[in-house]
Number of protein chains: 2
Amino acid sequence: MAKQHELREKGLRLTPQRELVLQAVRELGHATPEEVAEKVRSTHPGINLSTVYRNLETLENVGLVLHTHLGHGGATYHAAEELTHLHLVCSVCGSIGDAPIEAAANFVNTLSDDYGFKTDVTHFAIYGTCQKCSK
Amino acid sequence: MAKQHELREKGLRLTPQRELVLQAVRELGHATPEEVAEKVRSTHPGINLSTVYRNLETLENVGLVLHTHLGHGGATYHAAEELTHLHLVCSVCGSIGDAPIEAAANFVNTLSDDYGFKTDVTHFAIYGTCQKCSK
DNA sequence: TTAATACCTGCGAACAAATTGCAGAAGCAA
DNA sequence: TTGCTTCTGCAATTTGTTCGCAGGTATTAA
């Protein structure tokens with residue numbers, strides 16, 4: 001068979017809710033469970049918040065999405081294939097900016113060489129003040 | 001007068017609870033509100049959790065303590081004068097290691113020069129795998 | 001196509017963490 | 001000491017997340 005659905009390939013059932021959650025995460029870039037639910041509801045009003053939480057967890061288990069901690073307590077979910085940037089969280093306006101992973105390459109190497117610490121670059125948020133707010 | 005209490009200098013009232021919370025944060029190095037409460041209760045059983053939260057907030061407002069996000073949802077508080085290191089949070093064992101701020105100097109400069117982002121080095125946790133766990 | 005069987009979903013309850021309102025207690029200036 | 005204001009303790013509330021269960025549905029094999 002030429003095209004197995006990516007969810008089926010992971011041994012998951014192909015439910016509308018699950019597809020919608022995955023699609024929402026991909027479209028939103030980064031989003032809290034709440035935001036994902038809201039997005040999904042814009043086309044499928046009936047979906048339950050528990051279902052969103054359970055699917056995010058399930059999708060994370062099979063590696064299709066990941067979560068990071070951007071502060072404020074809640075986890076933020078990302079599509080796995082899109083985690084190619086750092087998150088620059090502005091402490092003033094709360095905006096989330098991006099920077100390529102390469103910007104941290106030196107830093108990661110330093111930590112590895114000097115402290116034996118293997119940084120997971122995809123799982124960390126950087127706090128500070130964005131360009132706009134530092135004026 | 002030679003010695004104004006540091007809390008009074010900030011315009012705060014000098015209550016036993018407030019002093020205990022500040023002292024606990026200093027002794028613990030980094031601690032969640034829950035841990036601070038527990039520490040304070042070891043000598044002052046009656047103290048209320050709300051009081052701990054409110055005092056942490058108050059102390060943060062006047063700059064005596066700071067909080068960082070080390071993941072897991074909860075904030076972690078530090079005495080302001082001790083924030084001279086980065087936090088290396090191990091995703092395997094959960095341990096919190098230290099590294100001097102200088103290790104990030106290049107990284108911070110890169111973000112500032114290339115993206116106009118002023119990183120608050122004291123407010124960010126770095127995820128990865130510590131030396132012990134990466135063996 | 002149908003039937004069997006996991007797996008999923010929706011719902012409500014349960015839970016934990018953090019916050020708030022209020023009344024009384026305590027710190028502080030005069 | 002008096003009086004004002006802030007702080008504390010308590011209880012209730014809010015918010016974010018998880019869980020149990022009963023019914024529904026995707027999937028496989030007949």
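Throughout, protein chains are lettered first and strands after them, A, B, ... in sequence-line order, and every chain is numbered starting at 1. The structure displayed is predicted, hence computed values, not measured ones.
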Residues from residues 14-42 of chain B sitting under 4.0 Å of DNA chain D, heavy atoms only?
B:T15, B:Q17, B:R18

Axis deviation across the helix from C:dT1-D:dA30 to C:dA30-D:dT1, five-pair ends, to the nearest 10°
40°

Considering residues at least two apart in sequence or located in another chain, which fulfil the salt bridge (charged side-chain N to carboxylate O under 4.0 Å, His left out) criterion with B:R13?
none

Excluding sequence neighbours, so at least two apart, what forms side-chain contact (heavy atoms from CB on, under 4.5 Å) with A:S50?
A:N48, A:R54

Among all residues two or more places apart in sequence or in another chain, which pass the ring pair (Phe, Tyr, Trp, His ring centres under 6.0 Å) test with B:H87?
B:H30, B:H78, B:H85

For DNA chain C, which residues of residues 47-56 of chain A approach it to below 4.0 angstrom with any heavy atom?
A:I47, A:N48, A:S50, A:T51, A:R54, A:N55

Residues in side-chain contact (heavy atoms from CB on, under 4.5 Å) with B:K10, at least two apart?
B:L12, B:V62, B:L64

Qualifying residues under side-chain contact (heavy atoms from CB on, under 4.5 Å), relative to B:E27, sequence neighbours excluded
B:Q23, B:K39

Partner set under ring pair (Phe, Tyr, Trp, His ring centres under 6.0 Å) for B:F107, not counting sequence neighbours:
A:F107

Only counting residues at least two apart or in another chain, list the ones meeting ring pair (Phe, Tyr, Trp, His ring centres under 6.0 Å) with B:Y77.
B:H67

Please write out each protein N/O paired with an N/O of nucleotides 28-30 of chain D under 3.5 Å, distance rounded to 0.1 Å.
from   : atom 1 : to   : atom 2 : distance (Å)
D:dT28 : OP1    : A:R8 : NH2    : 2.8

Sequence neighbours excluded, the answer for side chain to side chain donor-acceptor pair (under 3.5 Å) partners of B:S95 is none

